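Each remark here refers to the structure printed beneath this line.
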Amino acid sequence: MTAKSACYLDHNATAPLRKEAADALSAAARLVGNPSSVHGFGRTARRMLEDARAAVAAIAGTAVETVVFTSGGTEANNLALRGDGRRRVLASAVEHPSILEAQDGIETVPVRDDGVVDLDALARMLDESEEPALVSVMFANNETGIVQPVADVARLARERGALVHCDAVQAPGRMPIDMAALGVDMLTLSAHKMGGPKGAGALLVAGSVHLDAIIRGGGQERGRRSGTENLPGIAGFGAVAGNVGRDLDAAPAIARLRDSLEAKVSAEIPGARIIGGGSPRIPNTSCLALPGVSADTQVMALDLEGIAVSAGSACSSGKVRPSHVLRAMGLPDEVAGCAIRVSVGPESSDADIDRFVAAWRNIAARAGRNAA
Ligand code: PLP
């Protein structure tokens, strides 16, 4: 961090810990009991665990028995893909690496240029084989915010006998989630994307699905995930889960902030591109490209101004690798390698947006001067 006051516009990477989560976390950390112990200390810890379970289940309008607590979204995604026993897995090309790399041989379903999964391609791919399949399609993309037609995916997949998993890590508090209405069998959540602590997440598993644990031992979480539960993390998760309704109420205001950012960028910065602007999106995310200025240069220049955003590309051994998400949308490397993600949150303000736009305008102007 620089001496300048912080301007945190990277909520899709992680959201600042909310007060209610910090309070619940520290109260749980002071508890002595193991939730599996039968004595009073254990029962107190168990009550705290089950209260959090109820709050997390309510995020997706589902039953408490569906909730399997994990160490986060990554583990939940791995459990979904590897625990159900189906070896044939089809996942959209824009999934998070915790899906795409969860097992070998995953078949990627293309997305259209607008970032939305190609349903015809999915149907064709499913029809190619009778082997029981699992289809995994995310609720909203972490880089672009683009929302997938999960209910349509689920209908189409279920008609063909497939199970359906949805990585909904970026959705809570931004879009309502109803697991039954979506028609999915499994759904992933992560606490730290919604203002809870890092290292806590959940896989929600419909009663009809048999899941083999990938972490085995003590048989916790109804045998679906062994290991003493991370009670402080889970209690913090439960505390923010209980406030998802409040966040949904604030979503229109967040969308207005994001829209004002995009309007200013379009008006003031020649050549800037808004990626996915015409697609359905969660309200807080904007993927912006400044062709000619690499994403990592932008991120570093903004960081010097105290502004935190992410690159829409990953750096490996000093080389910028354009994101698989933007490539899958058919964007050329000159655009994909110059894309950043701005993701706002409940504490973001108009002043933050203005500060970002001014700094980005300067970066664009400097690049123009350099090129001249
Ligand atoms: N899925 C998506 C869409 C994400 O954005 C992330 C985190 O960036 C994950 C999964 C992984 O979650 P966690 O950080 O809790 O492991």
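What you see is a predicted model; the values in this text were computed from it and never measured.
Of all non-hydrogen atoms in L189 and P172, the two that sit nearest each other are CD2-CG, 3.7 Å. Across all their heavy atoms, A28 and P232 have their closest contact at CB-CA, 3.6 Å. Here the closest heavy-atom approach between residue P197 and residue A21 is recorded as CD-CB, 4.4 Å. In terms of heavy atoms, L288 sits closest to V342 at CD1-CG2, 3.9 Å. For the pair G271 and P291, the tightest heavy-atom approach, listed with the atom from each and the gap, is O-CD, 3.4 Å. The two residues L90 and M125 have their closest heavy-atom pair at CD2-CB, 3.7 Å.
Counting heavy atoms from C-beta on, the side chains of L49 and R53 come closer than 4.5 Å. In this structure, the side chains of P346 and R246 stay at 4.5 Å or more apart for every pair of heavy atoms. The shortest distance between side-chain heavy atoms of L204 and V67 falls below 4.5 Å. S286 is not listed as a side-chain neighbour of V265, based on a closest heavy-atom distance of 4.5 Å or more. Side-chain atoms of E50 and V64, non-hydrogen and from C-beta on, never get closer than 4.5 Å to each other. In this structure, the side chains of V184 and M179 come closer than 4.5 Å at one or more pairs of heavy atoms. Contact of the C338 side chain with the E334 side chain is not registered, since no non-hydrogen atoms from C-beta on lie closer than 4.5 Å. When side chains are defined from C-beta on, T108 does not count as touching H324, because their heavy atoms never get closer than 4.5 Å.
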Could you check T188 against N77 for side-chain hydrogen bond (donor to acceptor under 3.5 Å, both in side chains), going step by step and ending with a plain yes or no?
CA-CA 6 Å; T188 291; N77 282 345; 2.7 Å; yes

Using side-chain hydrogen bond (donor to acceptor under 3.5 Å, both in side chains), reason through N12 and T285 one step at a time and then give a plain yes or no.
CA-CA 8 Å; N12 289 12; T285 308; 3.0 Å; yes

V335 and L326: side-chain contact (heavy atoms from CB on, under 4.5 Å), yes or no, with the steps?
CA-CA 9 Å; V335 178; L326 304 182; over 6 Å; no

Step by step, would you call S348 with H11 a side-chain contact (heavy atoms from CB on, under 4.5 Å)?
CA-CA 10 Å; S348 305; H11 287 75; 3.7 Å; yes

Would you check, one step at a time, whether the test side-chain contact (heavy atoms from CB on, under 4.5 Å) holds for I146 with R281?
CA-CA 4 Å; I146 293 171; R281 286 184 296 168; 4.1 Å; yes

Given side-chain contact (heavy atoms from CB on, under 4.5 Å), test I106 with E95 step by step and report yes or no.
CA-CA 11 Å; I106 291 180; E95 296 300 308; over 6 Å; no

Pair D152-R155, salt bridge (Lys or Arg N to Asp or Glu O under 4.0 Å): steps then yes or no
CA-CA 5 Å; D152 295 335; R155 202 171 313 112; 3.1 Å; yes

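With respect to D84, the side chain to side chain contact (heavy atoms under 4.5 Å, CB included) criterion is satisfied by exactly one of D185, L163, V89: L163. If you run side chain to side chain contact (heavy atoms under 4.5 Å, CB included) between I177 and each of V150, L187, V244, only L187 comes through.
A salt bridge links R327 and D333; the closest N-O separation between the charged side-chain nitrogens and carboxylate oxygens is under 4.0 Å.
Linking ILVMFWY residues whenever their side-chain heavy atoms come closer than 4.5 Å, directly or via other members, leaves L100 and V169 in distinct clusters. At a threshold of 4.5 Å between side-chain heavy atoms, the hydrophobic network of Ile, Leu, Val, Met, Phe, Trp and Tyr places I99 and L203 in one connected group. L17 and M194 fall into different hydrophobic clusters, where Ile, Leu, Val, Met, Phe, Trp and Tyr residues are linked whenever their side-chain heavy atoms come under 4.5 Å apart, directly or through other members. Following chains of ILVMFWY side-chain contacts shorter than 4.5 Å, one can reach M48 starting from F237, so the two form part of one hydrophobic cluster. Transitive grouping of hydrophobic side chains (ILVMFWY, heavy atoms separated by less than 4.5 Å) brings I215 and V205 into a common cluster.
For the atom pair I363 CD1 and T297 OG1, the distance stands at 9.0 Å (nearest 0.5 Å). Put simply, CH2 on W360 and CD1 on I269 are 5.5 Å apart, with the number rounded to the nearest 0.5 Å. Atom CG of L261 is separated from atom CD1 of I353 by 4.5 Å, given to the nearest 0.5 angstrom. Separation of atoms CG (N34) and CZ (R46) is listed at 8.5 Å; rounding is to 0.5 Å. Separation of atoms OG1 (T74) and CG (L79) is listed at 12.5 Å; rounding is to 0.5 Å. Atom CG of D23 is separated from atom NZ of K19 by 3.5 Å, given to the nearest 0.5 angstrom.
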Show me the side-chain donor-acceptor pairs of residues 133-141 shorter than 3.5 Å, one per line, residues at least two apart or across chains.
from, atom 1, to, atom 2, distance (Å)
S136, OG, H165, ND1, 2.9
N141, OD1, E143, N, 2.7
N141, OD1, T144, N, 3.0
N141, OD1, T144, OG1, 3.4
N141, ND2, V94, O, 2.9

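Formation of a donor-acceptor pair under 3.5 Å by the N243 side chain with backbone atoms of V240 is not found in this model. Formation of a donor-acceptor pair under 3.5 Å by the T14 side chain with backbone atoms of K193 is not found in this model. Side chain of Q148 to backbone of G115: a donor-acceptor contact under 3.5 angstrom is found. With hydrogens and angles disregarded, a donor-acceptor distance shorter than 3.5 Å links the side chain of R258 to the backbone of I282. At least one donor-acceptor pair closer than 3.5 Å links the side chain of S323 to the backbone N or O of V325. Judged by distance alone, the side chain of Q220 and the main-chain N or O of G227 form a donor-acceptor pair under 3.5 Å. Counting only distance, with no hydrogens or angles, the side chain of E107 and the backbone of L126 share no donor-acceptor pair below 3.5 Å.
Under the side chain to side chain donor-acceptor pair (under 3.5 Å) criterion, the residue pairs touching residues 122-131 are D127-R160, with sequence neighbours excluded. Pairs of residues two or more places apart, or lying in two chains, never qualify as side chain to side chain donor-acceptor pair (under 3.5 Å) while including a residue from residues 228-238.
Within a 6.0 Å sphere centred on CZ of R88, heavy atoms belonging to other residues, nucleotides or ligands number more than 12. Surrounding NZ of K198 are at most 12 heavy atoms belonging to other residues, nucleotides or ligands under 6.0 Å away.
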